[in-house]
2 protein chains.
Amino acid sequence: MAGDEYELVTIYDIAKATGLSPTTVSKVFNQYSDVSEKTRRKILEASEQMGYIPNAQARTLTTKRSWTIGVLYIESSGAGLLHPYFGGVIEGFKKVATSKGYDLMFISKHIGGKKGGYLEHCKLRGIDGVVVVLPDYTDPYFKELLDSDIPCVLLDQESDLKSTISSNNMDGSKQAVDYLYGLGHRSIAHISGGTTYAGEQRLQGYLKAMEQLGLTVLPEHIIQGSYDYTVESGQKAMEQLLALEHLPTAVFVAGDNLAVGAMLAMKKHGLNVPEDMSIVGYDDIEMAKYLTPALTTIRQNTYALGSRAADMLICSIEGGSEARPQTDQIAVELVVRGSCREV
Amino acid sequence: MAGDEYELVTIYDIAKATGLSPTTVSKVFNQYSDVSEKTRRKILEASEQMGYIPNAQARTLTTKRSWTIGVLYIESSGAGLLHPYFGGVIEGFKKVATSKGYDLMFISKHIGGKKGGYLEHCKLRGIDGVVVVLPDYTDPYFKELLDSDIPCVLLDQESDLKSTISSNNMDGSKQAVDYLYGLGHRSIAHISGGTTYAGEQRLQGYLKAMEQLGLTVLPEHIIQGSYDYTVESGQKAMEQLLALEHLPTAVFVAGDNLAVGAMLAMKKHGLNVPEDMSIVGYDDIEMAKYLTPALTTIRQNTYALGSRAADMLICSIEGGSEARPQTDQIAVELVVRGSCREV
DNA sequence: TTGAAAGCGCTAACAC
DNA sequence: GTGTTAGCGCTTTCAA
């Protein structure tokens with residue numbers, strides 16, 4: 001087998017080499033204070049020289065701490081990793097987790113080549129905690145994990161049992177609507193992100209902002225995009241909107257991918273953005289600024305989302321069961337580009 | 001500590017419950033054939049009922065196999081996970097690896113919160129093999145890993161020591177150039193991907209294709225884009241090209257991001273694609289089809305790249321040291337859209 | 001077909 | 001400050 005070739009050096013080897021005991025060696029590598037500076041130095045030196053590297057599994061076996069965090073995200077469809085939101089979040093998460101000594105492992109329903117469940121997978125691997133991004137909410141295996149006592153942090157979800165974190169979706173909607181209002185728009189439609197938590201929040205934020213401004217919302221001006229925030233779904237939603245008798249002058253779209261689709265649909269109908277309709281998106285995906293016209297949108301700070309999530313999760317891992325689930329929100333920001341006009 | 005609450009069931013527990021020995025229980029979970037059907041059933045039943053889940057670290061400690069594959073990608077810059085190429089590759093890789101019983105863990109230079117190296121990290125975690133995507137080639141820690149005896153598969157790189165896999169970059173260039181030639185173009189420039197392996201290959205493919213068609217390549221028609229394939233870099237490259245006295249009628253760009261930048265630069269100069277210049281990209285990133293005009297490009301099958309990489313890596317993990325490093329290539333495909341015109 | 005015993009590499013009481 | 005001992009949960013000879 002490959003890997004057999006490692007010259008495995010153990011604490012026993014370095015104990016023997018230094019004439020000390022394995023315990024003392026162990027202590028040195030676990031920052032115990034009751035080791036003389038001289039001994040510590042001697043051990044460190046020998047370890048360095050003999051190429052000693054601790055064995056994580058042996059350590060985990062006795063301590064019950066794997067220093068491993070599971071990453072759970074939707075498995076079906078081509079989404080997942082490819083979704084820019086996911087990438088940004090994990091990037092931020094990884095940075096913080098890594099700096100605190102944790103490694104990241106993907107969690108799936110397949111274990112050892114067989115079908116199992118998320119919880120089973122976590123237990124098998126001795127996972128210390130899980131970060132949940134874009135899960136399949138309807139999955140019973142996912143629910144099983146939520147009901148377990150494994151520390152978790154959930155992104156863009158609600159939960160009493162686990163810590164949660166999301167962007168300030170309501171405020172994002174408010175910023176979008178207020179901005180359009182400031183440009184003179186009074187008839188503002190909404191293409192929503194379907195039945196996801198974030199989608200709901202953005203819809204609620206939109207409704208509330210409209211109300212606060214004293215604007216009426218026509219029921220037919222709220223179009224349900226699909227939960228997966230695809231370009232195709234945005235296209236369909238805009239088609240639906242364009243079929244209406246009374247068109248809005250602006251539309252606030254719950255995701256940039258949806259907005260891209262919406263713009264495509266308009267183009268197909270010979271309509272121009274922003275001349276014929278102003279559009280505000282949500283996310284600020286990379287391509288937003290390269291579209292024609294460049295998309296005005298609400299920027300989510302995915303990196304901050306991820307790093308804050310890591311902080312929260314590690315807090316509940318290390319705080320133990322007495323640590324109550326927390327909830328936090330990250331500020332969003334309007335990025336003005338070229339897809340809206342004054343009316 | 002959180003997690004302590006698990007009702008840890010061990011093989012001893014189920015041995016006791018069934019009146020059998022731990023050995024026999026272990027055998028059942030390792031598909032040994034010398035267990036009577038009756039015993040097997042009894043053990044499986046008890047395990048199911050008592051909620052037994054094997055302990056991966058204990059298993060690894062004795063077998064020296066962690067069933068864990070390390071994922072190594074560039075840490076600096078905001079790239080990495082956010083890069084669509086990476087996402088696609090890992091998606092495909094994960095699928096295959098998971099189905100064969102392996103889990104994926106990110107490898108970094110930080111270990112236990114301290115700075116270490118990739119190899120050290122792998123040994124600490126008992127990693128069975130590593131998939132390398134977009135590394136920092138100049139990193140000595142990366143070299144250290146390459147020189148080790150840990151099985152690795154490298155994407156878009158050359159190596160005698162490890163298995164490698166890449167798209168058929170040379171052929172991609174040929175397809176692009178041939179296509180432009182077929183449209184009547186004779187003056188075809190190239191914006192290259194810098195000094196990466198893929199970039200070199202695409203450049204070579206371009207040169208060879210031009211030669212085969214009997215076309216001359218003006219030195220100033222080869223512009224070095226930066227190794228990171230950013231939009232900004234593409235912009236700069238096109239600026240450089242546009243400063244030339246004799247403009248080409250078409251340009252083959254080594255990456256879609258670069259192509260996006262190139263198109264932006266043209267627009268800034270009041271030039272239109274494809275009227276003033278035809279452009280062929282490389283990658284087929286998601287946004288390619290949503291650009292104006294939609295980008296004609298060479299599609300890399302990132303998913304296939306990833307799954308094939310997994311096959312190769314697992315082969316060398318399970319084949320042991322006698323398994324020689326392999327090399328493979330994945331076919332690419334021209335996707336015709338709207339960024340080229342006949343001349 | 002089944003089981004006893006040793007050991008993987010490490011940590012944690014506890015005694016010295 | 002240092003060492004002895006036991007044990008984490010599992011697999012693996014080897015013997016029964």
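Note that these values count all heavy atoms, side chains included, but never hydrogens, waters or copies made by symmetry. All figures in this text were calculated on a predicted structure; none of them were measured in a lab. By convention in this document, chain letters (A, B, ...) are assigned in the order of the sequence lines, proteins followed by strands, and residues within each chain are numbered from 1.
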Rounded distance [0.5 Å steps], [atom1] in [X] versus [atom2] in [Y]:
X	Y	atom1	atom2	value
B:Lys143	B:Leu161	NZ	CG	8.0 Å
A:Gln57	B:Thr62	CD	OG1	10.5 Å
A:Arg308	A:Ile165	CZ	CD1	6.0 Å
A:Leu72	A:Met105	CG	CE	14.0 Å

Report the distance from atom [atom1] of [X] to atom [atom2] of [N], rounded to the nearest whole Å.
X	N	atom1	atom2	result
A:Asn55	D:dG9	CG	P	16 Å
B:Phe29	D:dT11	CZ	P	9 Å
B:Ile53	D:dC10	CD1	P	11 Å
B:Arg65	D:dC10	CZ	C1'	16 Å
B:Arg125	C:dG9	CZ	P	18 Å
A:Trp67	C:dT11	CH2	C1'	15 Å
A:Ile43	D:dG1	CD1	P	13 Å
A:Leu20	D:dT2	CG	P	7 Å

Of the nucleotides [options], which one has an atom closest to the side chain of [X]?
X	options	result
B:Ser26	D:dC8, C:dA12, D:dT12	D:dT12
B:Arg59	D:dC10, D:dG3, D:dG9	D:dC10
A:Thr63	C:dC8, C:dA12, D:dT12	C:dA12

Under the 3.5 angstrom rule, does the side chain of [X] hit a backbone N or O of [Y] as a donor-acceptor pair?
X	Y	result
A:His121	A:Ser108	yes
B:Ser163	B:Gln326	yes
B:Thr24	B:Leu20	no
A:Asp128	A:Arg65	no
B:Ser66	B:Thr60	no
A:Thr39	A:Val35	no

Polar side chain donor-acceptor pair, A:Arg125 to B:Thr68, under 3.5 angstrom
yes
Contact check, residues 31-41 of chain B vs DNA chain C, heavy-atom distance under 4.0 Å, returns B:Asp34, B:Val35, B:Ser36, B:Thr39
query: Do any side-chain nitrogens or oxygens of B:Lys64 fall under 4.0 Å of OP1 or OP2 in D:dT11?
result: no
Between B:Asn30 and D:dT11, is there a side-chain N or O to OP1/OP2 distance below 4.0 Å? yes
- Assess whether one donor atom and one acceptor atom, taken from the side chain of A:Lys27 and the base of D:dG3, lie less than 3.5 Å apart. yes
Using five base pairs at each end, measure the axis-to-axis angle across the helix from C:dT1-D:dA16 to C:dC16-D:dG1 and round it to 10 degrees.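 About 30°, once rounded to a multiple of 10°.
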Exercise for review: Count the heavy atoms of every other residue, nucleotide or ligand shown that sit under 6.0 Å from CG of A:Asp160, and state whether that count exceeds 12.
Suggested key: no
Expected rows: protein N/O vs nucleotides 5-7 of chain D N/O, under 3.5 Å:
none

